[in-house]
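Just below is one structure, and these are the notes that go with it.
Just so you know, these numbers come straight off a predicted model, no measurement behind them. Values reported hereafter were calculated over all heavy atoms of this structure, with side chains retained and with hydrogens, waters and symmetry mates removed.
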Amino acid sequence: MTGHIARIRRYPIKSIGGEDLTGASLSAARRLPGDRVWAVLTESGERHAGEGPQPERWLPKSCFLRGVASATLQAVSGGWGQGAPEGPIRLTHPDRTELSFDPESEGARLIEWLRPLWPEDKPAPTRLVRGPTGWTDVNQPWLSILSLSSLRDLESRMGQPLGVERWRANLWVDGWEPFAEQDMIGRILTIGDVELRVTEAIGRCAATSANTETGHPDCDMPAALAGQFGHQNFGVYAEVVTGGQIALNDEIRA
């Protein structure tokens, strides 16, 4: 089955913002460059982070600010832009003024910017941390791959537009049959000389229930997926087996 890459997206800070790319350089057994490099620890996450300035091991998602605990975070957008993953990050939100800050030295500015977007009854944000690896939800160097055909099918079933941003995928593919990716576990996908091995389906939480334009829930996505398919999966993870350059509109073969 042949499709093409329709979107490439990275998320410099876990659960906060996101941006489109025109291309990327993939390396074997590595995540998408610049993806989930940073995350915002909470008071409850601090006890797992160790005493050093930065955690020395991967930490579970419960240690960080997440959209499942505050839907309004889903409306944050932005990142580094098309350049390398370094320098100032620019973020926007419909209820906040634009923020530009250096994550290496100005994490406290981000914390203050986020406080009005985080519930007072949740463990408070404490600091911005860089991880030894990316802060993805799984402790594996995987990319997430979703299908626009599957999204259009789901939107039709639910009778509402959903958009791509709420899913926080790395690669969006167009041209596959709807939900064909669910049958690709264990298979190799090729993009030119690049090879990706599909590893497992992605289970979805309530963060995907939020409209990313408003930051307010507009559905119960886990329940909708379970009602339609008997599970809460949407999209798949894949590991880079053979690295190389990828770009928008590249052919991807399954």
Side-chain angles (χ1 to χ4, degrees), residues 1-12 14-15 17-24 26 31-36 61 66-68 74 77 79 134 136-138 140-158 160-191 194-213 218-219 221-222 224-226 228-240 246-254:
M1 185 179 300
T2 301
H4 68 273
I5 298 177
R7 303 279 291 268
I8 304 172
R9 290 182 61 80
R10 71 181 176 195
Y11 308 88
K14 182 180 181 66
S15 300
E19 60 186 352
D20 280 286
L21 301 173
T22 58
L26 302 182
R31 295 174 172 85
L32 183 75
D35 190 49
R36 278 90 166 183
K61 59 186 179 181
R66 295 179 294 145
V68 69
Q74 292 288 85
S77 62
T136 49
D137 285 355
V138 291
Q140 298 292 337
W142 295 343
L143 314 179
S144 53
I145 303 177
L146 274 63
S147 163
L148 287 178
S149 298
S150 300
L151 177 61
R152 289 190 287 265
D153 184 283
L154 182 60
E155 289 176 328
S156 177
R157 290 168 183 257
M158 294 180 63
Q160 67 181 85
L162 299 171
V164 303
E165 285 80 7
R166 75 177 68 206
W167 306 99
R168 304 185 71 78
N170 294 132
L171 303 182
W172 281 93
V173 176
D174 206 3
W176 290 346
E177 291 296 317
F179 304 105
E181 65 275 12
Q182 298 293 329
D183 297 323
M184 295 179 184
I185 309 302
R187 292 171 60 178
I188 296 293
L189 311 179
T190 59
I191 310 169
V194 173
E195 294 182 324
L196 308 174
R197 181 177 63 86
V198 181
T199 54
E200 64 182 48
I202 303 174
R204 294 298 174 174
C205 70
T208 55
S209 300
N211 183 308
T212 55
E213 293 184 2
D218 60 5
C219 65
M221 188 61 70
L225 291 171
Q228 291 291 332
F229 309 112
H231 57 71
Q232 297 179 7
N233 301 332
F234 192 78
V236 293
Y237 288 117
E239 179 181 16
V240 181
I246 63 170
L248 292 177
N249 297 314
D250 278 357
E251 186 176 81
I252 179 167
R253 292 181 173 272

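Without hydrogens or angle criteria, T199 side chain to Y237 main chain gives a donor-acceptor distance under 3.5 Å. Counting only distance, with no hydrogens or angles, the side chain of E155 and the backbone of L162 share a donor-acceptor pair below 3.5 Å. S149 places no side-chain N or O within donor-acceptor distance of the main-chain N or O of P178, the cut-off being under 3.5 Å. In this structure a side-chain-to-backbone donor-acceptor pair under 3.5 Å is missing from T208 to R166.
To the nearest 0.5 angstrom, E239 atom CD is 9.0 Å from I188 atom CD1. One distance of note links CD1 of I8 with CG of L26; it measures 8.0 Å at 0.5 Å rounding. The distance from atom CG of N170 to atom CD1 of I145, rounded to the nearest 0.5 Å, is 8.5 Å. Considering CD of Q74 and CD of E165, their distance stands at 10.5 Å, rounded to 0.5 Å. Here L171 contributes atom CG and I191 contributes atom CD1; the two are 6.0 Å apart, rounded to the nearest 0.5 Å. In this structure, D153 CG and M158 CE are separated by 12.0 Å, a value rounded to the nearest 0.5 Å.
Nearest heavy-atom pair, E19 versus P12, reported as atom, atom and distance to 0.1 Å: OE2-CG, 3.9 Å. Counting all heavy atoms, side chain and backbone alike, W167 lies closest to L151 at NE1-CD1, 3.6 Å. Here the shortest heavy-atom pairing between M184 and V198 reads O-CB, 3.2 Å. Here the closest heavy-atom approach between residue R204 and residue P222 is recorded as O-CG, 4.0 Å.
Residues I202 and F234 form no side-chain contact, since every pair of their non-hydrogen atoms from C-beta on lies 4.5 Å or further apart. With contacts defined as side-chain heavy-atom distances shorter than 4.5 Å, the pair E177/M1 qualifies. With contacts defined as side-chain heavy-atom distances shorter than 4.5 Å, the pair F229/Q182 does not qualify. Two residues are said to be in side-chain contact when any heavy atoms from C-beta on lie closer than 4.5 Å; V173 and L146 fail this criterion. Q160 has its side chain within reach of D218: a pair of non-hydrogen atoms, C-beta onward, lies under 4.5 Å apart. Taking 4.5 Å as the limit, every side-chain heavy atom of N233 sits out of range of all side-chain heavy atoms of L225. The shortest side-chain heavy-atom distance between M221 and L154 falls under the 4.5 Å cut-off. In this structure, the side chains of L148 and V164 come closer than 4.5 Å at one or more pairs of heavy atoms.
Y11 is linked by a ring-ring contact (aromatic ring centres under 6.0 Å, His included) to nothing, counting only residues two or more places apart in sequence or in another chain. In this view, S209 satisfies the side-chain hydrogen bond (donor to acceptor under 3.5 Å, both in side chains) rule with no residue, not counting sequence neighbours.
The only option from R31, K14, K61, R168 that meets the side chain to side chain donor-acceptor pair (under 3.5 Å) definition with T136 turns out to be R31.
Salt-bridge check for R152 with D174: passed, with a basic side-chain N closer than 4.0 Å to an acidic carboxylate O.
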*Evaluate the criterion side-chain hydrogen bond (donor to acceptor under 3.5 Å, both in side chains) for residue pair E181 and S150; output intermediate values, then yes/no.*
CA-CA 9 Å; E181 65 275 12; S150 300; 2.7 Å; yes

